[in-house]
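Everything below concerns the one structure shown next.
Residues: numbered from 1 along the sequence shown.
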Amino acid sequence: MEAINLLTGVRTNLADSILPLEIAGVAQARENARSAVEQLDDYILPRYRSLDAPLLAVVGGSTGAGKSTLVNALVGHPVTRAGAIRPTTRQPILLHHELDRAWLENDRILPGLRRITGTAVSRDQHIPAARVGATPDAALTDSIILLQDDAVPRGLAILDAPDVDSISDENRRLAGQLLSAADLWIFVTTANRYADAVPWKLLSEAAGRNITLAVVLDRVPAGLEDEIATDLRGMLLREGLGGAELFVVPEFDLDEMDMLPAKAVDPLKDWLGELAANAESRASIARQTLAGVLGQLADRSDVIAVAMGEQETSGSRLAQYADEAFEQAHEGILSSVQDGTLLRGEVLARW
């Protein structure tokens, strides 16, 4: 309880932090304060209050990496809309087991996003792909679709996030918010884009948070799996992410439902299932991520404190300038009155 009270106090102080002066670095300080408050609300406080809640696994990655197709494959049928039009994922879709619904339907996590209950999709393989899956609404980017699917193991919730490099500013912001609320990341990239700058910026943040990370290397051409995977592992190691799990998904032709074959994601599915089945493993992952995020919060708070100190110094300097200008004007007026220069014409002559 003491820790909760301390964190609540930090949240209040950050929310009340006043940075009114447009001086160097203030924009970044304001963004740090905003994102720190958001992360306290979305992840730190709710996770601290309930370490036994289901793990939130956020599926993130670049445009066209195959995130939605991967999520569909994990549950064995279409639940998200995958397609050629970008951005595909406009609304986050949160898949959960029936018995975990109570943890997710309220505002315990991500309180700023409304909940919309999704409709279970048909498993009829004769329905065209265009008619199945949850269809996001571009106008509802402030909401999450809750979709019950018992193919998701109890103790784990899977969130399909928007593209981290989306052409939509709102989608990029939302993707960052969701990744900041995750207990673990499932980061999807492709054989021809795994070295792109935007994903690595986020992966570097993952290293700073010490978050549990699974990297899915998608659409790898036949015969090149070992070569590309070895190169990616080397890059992960250099970024301090040598402990990340790496899953290689070879290039497959999708079926008439735009589905990958089950064997393509079996290793990832088994890994997630093992995590979900072990309460001790879940708690360990939650504690590890929470500790990393708290470390980031401390660093961010220090930066904000420095910015507030600079604001106070600049404010004092401005007040001093105003006092000096007033004093000079006052002395000037007194001098002008005393020697008569304030007067003109005949009055000055008589003076």
Side-chain angles (χ1 to χ4, degrees), residues 3-4 7 35-36 38-61 67 70-71 74-75 92-97 99-113 115 144 146-147 149 152-162 164 174-188 202-216 236 240-241 243-247 268-297:
I4 293 294
L7 289 170
S35 58
E38 191 172 74
Q39 192 163 52
L40 277 159
D41 289 342
D42 290 348
Y43 180 74
I44 296 174
L45 286 168
R47 178 50 76 189
Y48 224 110
R49 291 182 178 120
S50 50
L51 278 171
D52 54 342
L55 292 177
L56 180 61
V58 175
V59 182
K67 302 183 298 298
L70 179 77
V71 171
L74 286 172
V75 296
I93 297 176
L94 181 57
L95 295 164
H96 62 88
H97 190 278
L99 298 178
D100 287 334
R101 181 179 180 83
W103 291 105
L104 305 167
E105 63 184 352
N106 54 31
D107 61 356
R108 185 187 66 85
I109 59 170
L110 297 164
L113 299 177
R115 271 45 172 184
I144 297 177
L146 289 182
L147 203 58
D149 196 308
V152 179
R154 187 179 182 187
L156 179 73
I158 300 175
L159 184 58
D160 186 20
V164 298
L174 182 57
Q177 179 184 359
L178 298 177
L179 288 168
S180 294
D183 291 297
L184 66 93
W185 287 5
I186 302 173
F187 205 85
V188 187
L202 287 168
L203 289 172
S204 295
E205 292 178 11
R209 287 180 60 188
N210 198 30
I211 192 171
T212 299
L213 175 67
V215 177
V216 178
L236 290 168
L241 293 166
E245 298 286 337
L246 179 59
F247 299 93
L268 174 60
K269 187 175 181 178
D270 291 344
W271 179 72
L272 291 173
E274 290 172 6
L275 291 181
N278 189 319
E280 186 176 337
S281 294
R282 295 200 309 271
S284 176
I285 288 173
R287 284 193 296 267
Q288 173 184 316
T289 302
L290 186 57
V293 174
L294 286 172
Q296 275 193 333
L297 177 65

(message) Could you walk me through whether Leu246 and Val216 satisfy the side-chain contact (heavy atoms from CB on, under 4.5 Å) test, starting with their C-alpha distance in whole Å, then the side-chain angles of each, then the deciding distance to 0.1 Å, before giving a yes or no?
(response) CA-CA 6 Å; Leu246 179 59; Val216 178; over 6 Å; no
(request) May I ask you to test the Pro92-Asp160 pair for a side-chain heavy-atom distance under 4.5 Å? (result) no
(message) Given Gln288, which partner from the list Val293, Leu184, Asp183, Asn210 fulfils the side chain to side chain contact (heavy atoms under 4.5 Å, CB included) test?
(response) Asn210
(request) Test His96 against Leu146 for side-chain contact (heavy atoms from CB on, under 4.5 Å), laying out the working first. (result) CA-CA 8 Å; His96 62 88; Leu146 289 182; 4.2 Å; yes
(message) Which heavy atom of Phe187 sits nearest to which heavy atom of Gly61, and what is that distance?
(response) CZ-CA, 4.1 Å
(request) Taking the side chain as every heavy atom from C-beta outward, state whether Tyr43 and Ile109 have any pair of such atoms under 4.5 Å apart. (result) no
(message) Quick check against the 3.5 Å criterion: does Arg154 have a side-chain atom that pairs as donor or acceptor with the backbone of His97?
(response) no
(request) Working to the nearest 0.5 Å, report the span between OG1 of Thr212 and CD1 of Ile186. (result) 11.0 Å
(request) Check Trp103 against Ser50 and note the closest heavy-atom contact, atom names and distance. (result) CZ3-CB, 3.7 Å
(request) Examine distances only and state if a side-chain atom of Glu245 and a backbone atom of Val215 form a donor-acceptor pair shorter than 3.5 Å. (result) no
(request) Rounded to the nearest 0.5 Å, what's the gap from OG on Ser35 to CD on Gln177? Could you check? (result) 11.0 Å
(request) Could you please spell out the steps behind the side-chain contact (heavy atoms from CB on, under 4.5 Å) verdict for Leu56 and Ile158? (result) CA-CA 6 Å; Leu56 180 61; Ile158 300 175; over 6 Å; no
(message) If I compare all heavy atoms of Ala57 with all of Leu156, which pair ends up nearest, and what's the gap?
(response) CB-CD1, 4.0 Å
(message) Can you confirm whether Leu290 sits close enough to Ile44 that some side-chain heavy atom of one is under 4.5 Å from a side-chain heavy atom of the other?
(response) yes
(message) Please report the interatomic distance CG(Leu236) to CG(Leu213), rounded to the nearest 0.5 Å.
(response) 7.0 Å
(message) Looking only at the side chains, is there a donor atom on one of Thr289 and Arg209 sitting less than 3.5 Å from an acceptor on the other?
(response) no
(request) Flag the pair Leu268 / Leu70 as yes when at least one side-chain heavy-atom distance between them is below 4.5 Å, and no otherwise. (result) yes
(message) As an exercise, state the distance from CD of Glu280 to CD1 of Ile285, rounded to the nearest 0.5 Å.
(response) 11.5 Å
(message) Using only atom types and a distance under 3.5 Å, with no angle test, would you say the side chain of Trp185 pairs donor to acceptor with the backbone of Leu179?
(response) yes
(message) Measuring from atom CG of Leu294 to atom CD of Gln39, what distance do you get when rounded to the nearest 0.5 angstrom?
(response) 9.0 Å
(message) For a 4.5 angstrom cut-off between non-hydrogen side-chain atoms, does Asp107 reach Pro46?
(response) no
(message) If I take atom CG from residue Leu94 and atom CG from residue Asp100, how far apart are they, to the nearest 0.5 angstrom?
(response) 10.0 Å
(message) Looking at every heavy atom in both Phe247 and Ala214, which two are closest together, and how far apart are they?
(response) CE1-CB, 3.9 Å
(message) I need the minimum non-hydrogen distance between Ser281 and Leu275, along with the two atoms involved.
(response) CB-O, 4.2 Å
(request) Kindly give the heavy-atom pair with the smallest separation between Lys269 and Leu74, and that separation in Å. (result) CE-O, 3.4 Å
(request) Determine, step by step, whether Arg115 and Leu110 satisfy the side-chain contact (heavy atoms from CB on, under 4.5 Å) criterion, reporting the C-alpha distance in whole Å, the side-chain angles of both residues, the deciding distance to 0.1 Å, and the verdict. (result) CA-CA 10 Å; Arg115 271 45 172 184; Leu110 297 164; 4.3 Å; yes
(request) Indicate yes or no for a side-chain donor-acceptor contact from Arg47 to the backbone of Ala53 under 3.5 Å, with no hydrogens or angles considered. (result) yes
